[in-house]
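Written out below as structure tokens is the structure these notes cover.
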Amino acid sequence: MPLSPSQLTRCWTEVLELSKLAPGENVLILTSQNSDPRVVDAAARAAAALQARVVKLDIAPNWDTCEVGADPTVVSGASPIDDDPMALAAMKAADLVIDTVFLLFTPGQRAVLESGTRMLLAYEPPEVLARVMPSPDDRRRVLAARDAYARGRRITVTSAAGTRLTASIGAYPITAEYGYVDSPGRWDHWPSGFVARLPDDGTAEGVVVLAPGDIILPFKNYVQSPITLEIERGTIVRISGGLDAEFLDTYLRGFDDPDAYAVSHLGWGLQPKARWTSLGLYDKAATIGMEARSFYGNFLFSTGPGGSRRTKAHLDIPMRKCSFHVDGQPMVVDGDVVAPDQRVDGARPQ
Ligand SMILES: O=c1ccc(O)c[nH]1
Ligand SMILES: [Fe+2]
């Protein structure tokens with residue numbers, strides 16, 4: 001059964017209160033053809049009920065020939081607002097922008113955040129939003145993970161399946177996603193619950209073995225047969241395995257861009273409300289897979305953009321049963337969060 005509009009409005013009210021939305025603040029809801037009207041309506045009702053001034057800005061969609069399928073995460077790095085003076089001016093004038101279009105990794109988003117506007121991305125369907133409600137404890141644990149990651153200089157990721165990845169860290173900021181925007185200039189994504197950061201350029205080395213059950217987004221399938229990624233100087237230099245490996249390699253080759261093979265943000269999932277199995281129950285166009293990116297204890301590997309790289313090809317690859325160490329300190333062991341200030345009692349690896 002679907003979520004009722006009043007339930008979704010109550011979820012929005014809770015998230016906007018966590019986002020410290022105050023009476024008289026200006027809220028802009030960014031919409032386009034790919035926005036979910038149920039999400040837009042509930043957000044507008046909740047913001048108005050909190051006595052904010054609410055406007056909706058509808059922008060023309062931008063389609064790229066590389067965009068296969070309906071998922072806006074397939075092609076990253078550009079949006080219709082990047083050079084739109086009207087949209088940028090309106091979004092900079094807002095105190096809080098609700099993005100139902102998916103601007104992530106775009107110049108337009110960066111410009112709006114630098115103006116002090118806070119921005120909350122909300123693209124998942126109502127039931128996923130309601131299942132993975134953010135909380136102050138999620139924020140506490142994600143920020144503890146961010147602080148541990150920030151203190152580090154080297155990371156090591158291993159798994160029984162054969163993953164042996166090392167990298168230096170420190171040059172790039174950490175994205176700490178806990179699902180609401182409670183300070184000026186902050187960006188977040190509801191639903192979420194993970195940390196991610198780029199390794200220092202050219203330092204990721206080793207082997208990443210995608211095991212059956214690991215997920216490749218935006219393919220939105222569970223890997224059936226092992227895929228071995230050999231990584232040298234921050235780039236995947238060889239992909240081997242069976243049909244899954246051939247599909248992955250052919251997909252990346254389709255972008256005709258060497259940066260498509262670069263290692264992108266690396267991190268780990270901290271959201272016990274997100275389910276590894278959820279993706280198997282949805283049609284591919286129905287979700288962008290945030291429960292997969294966020295599930296508790298995952299290793300979130302990814303490829304493509306970051307630093308000076310502007311490639312359109314971005315894959316997020318949440319993996320199970322990995323161990324993630326920062327300067328030898330265990331954050332996750334065999335898919336279970338072990339850092340005392342990050343773990344949730346009773347939460348189980350998935
Ligand atoms: O929330 C997100 C979503 C996608 C992504 O690549 C990063 N963070
Ligand atoms: Fe990503």
Side-chain angles (χ1 to χ4, degrees), residues 15 19 30 34 39 66-67 69-79 97-106 109-110 113 118-125 128-129 132-134 138-139 142 145-146 149 157 172-181 186-199 204 208 210 214-220 229 234 236 248 251-252 255 259-271 273-274 278-279 287-296 298-307 309-319:
V15 171
S19 300
L30 187 72
N34 61 336
V39 171
C66 288
E67 200 155 340
D71 187 324
T73 70
V74 168
V75 169
S76 74
S79 91
V97 166
I98 293 171
D99 170 13
T100 69
V101 175
F102 204 96
L103 300 182
L104 187 53
F105 298 131
T106 65
Q109 171 168 308
R110 269 192 295 277
L113 294 173
R118 56 196 195 276
M119 187 183 296
L120 182 64
L121 170 60
Y123 194 83
E124 290 290 37
V128 177
L129 295 175
V132 190
M133 285 296 288
D138 290 347
R139 178 180 186 277
V142 167
R146 178 203 59 188
Y149 213 172
V157 185
Y172 291 101
I174 298 164
T175 302
E177 299 191 23
Y178 49 79
Y180 54 93
V181 285
R186 175 173 175 76
W187 173 85
D188 211 316
H189 189 170
W190 170 33
S192 63
F194 61 85
V195 287
R197 86 182 304 182
L198 292 169
V208 168
L210 306 186
D214 291 344
I215 293 170
I216 302 179
L217 298 169
F219 300 168
K220 295 182 195 146
L229 310 177
I236 298 168
L248 171 59
Y251 176 82
L252 289 176
F255 283 87
D259 283 346
Y261 291 84
V263 173
S264 185
H265 58 77
L266 307 171
W268 60 97
L270 290 158
Q271 182 49 270
K273 286 165 262 181
S278 180
L279 203 64
T287 168
I288 57 173
M290 284 308 292
E291 289 187 77
R293 286 185 184 86
S294 310
F295 71 81
Y296 187 77
N298 79 24
F299 163 46
L300 182 57
F301 177 70
S302 81
T303 63
R309 300 185 305 275
R310 291 283 176 273
T311 180
K312 297 174 184 173
H314 181 48
L315 298 176
D316 285 317
I317 305 180
M319 298 169 62

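In this text the structure is predicted, and so the values were computed from the model without any measurement. Both counts, for ligands and for their atoms, begin at 1 and track the order of listing. The analysis underlying the following values was restricted to heavy atoms, covering all of them including side chains, and did not include hydrogens, waters or symmetry mates.
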What distance do [X] atom [atom1] and [Y] atom [atom2] have between them, rounded to the nearest 0.5 Å?
X: R139; Y: R146; atom1: CZ; atom2: CZ; result: 8.0 Å
X: S19; Y: R186; atom1: OG; atom2: CZ; result: 9.0 Å
X: H189; Y: L120; atom1: NE2; atom2: CG; result: 8.0 Å
X: R197; Y: Y172; atom1: CZ; atom2: OH; result: 11.0 Å
X: Y123; Y: N34; atom1: OH; atom2: CG; result: 3.5 Å

Distance-only N or O hit between ligand 1 and H314, under 3.5 Å: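 N/O-N/O distance under 3.5 Å: yes.
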
May I ask you to check whether W187 has an N/O atom sitting below 3.5 Å from an N/O atom of ligand 1?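 W187 vs ligand 1: no N/O contact under 3.5 Å.
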
Could you check atom 2 (C) of ligand 1 against the protein and tell me its nearest heavy-atom contact, residue, atom and distance included?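 The closest one turns out to be E177 OE2, 3.5 Å.
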
Please state whether the rings of Y178 and Y180 are parallel, tilted or perpendicular, taking 30° and 60° as the class boundaries.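 Ring orientation of Y178 relative to Y180: perpendicular.
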
Out of L300, L104, D188, who is nearest to atom 7 (C) of ligand 1 when you count heavy atoms only?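 Looking at heavy atoms only, the winner is L104.
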
Suppose I only count heavy atoms of [X] and a 4.0 Å limit; which atoms of ligand 1 are within that range?
X: H189; result: 1 (O), 2 (C), 3 (C)
X: D316; result: 4 (C), 5 (C), 6 (O)
X: R293; result: 3 (C), 4 (C)

Please work out whether any backbone atom (N, CA, C, O) or any side-chain heavy atom from C-beta onward of Y123 is under 4.0 Å from ligand 1, and answer side chain, backbone, both or neither.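 None of Y123 does.
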
Ligand 1-proximal atoms of L121, by part, heavy-atom distance under 4.0 Å: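 Contact part for L121 vs ligand 1: neither.
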
Which is the closest N/O/S atom of H265 when seen from the Fe ion (ligand 2)?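 Relative to the Fe ion (ligand 2), the closest nitrogen, oxygen or sulfur of H265 carries the name NE2.
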
What is the name of the N/O/S atom of D316 that is nearest to the Fe ion (ligand 2)?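 Nearest N/O/S atom: OD1.
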
Classify the side-chain pair S294/Q271 by whether it contains a donor and acceptor separated by less than 3.5 Å.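 S294 vs Q271: no donor-acceptor pair found between side chains.
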
Under 3.5 Å, is there a donor-acceptor pair linking the side chains of H265 and D316?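 A donor-acceptor contact under 3.5 Å links the two side chains.
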
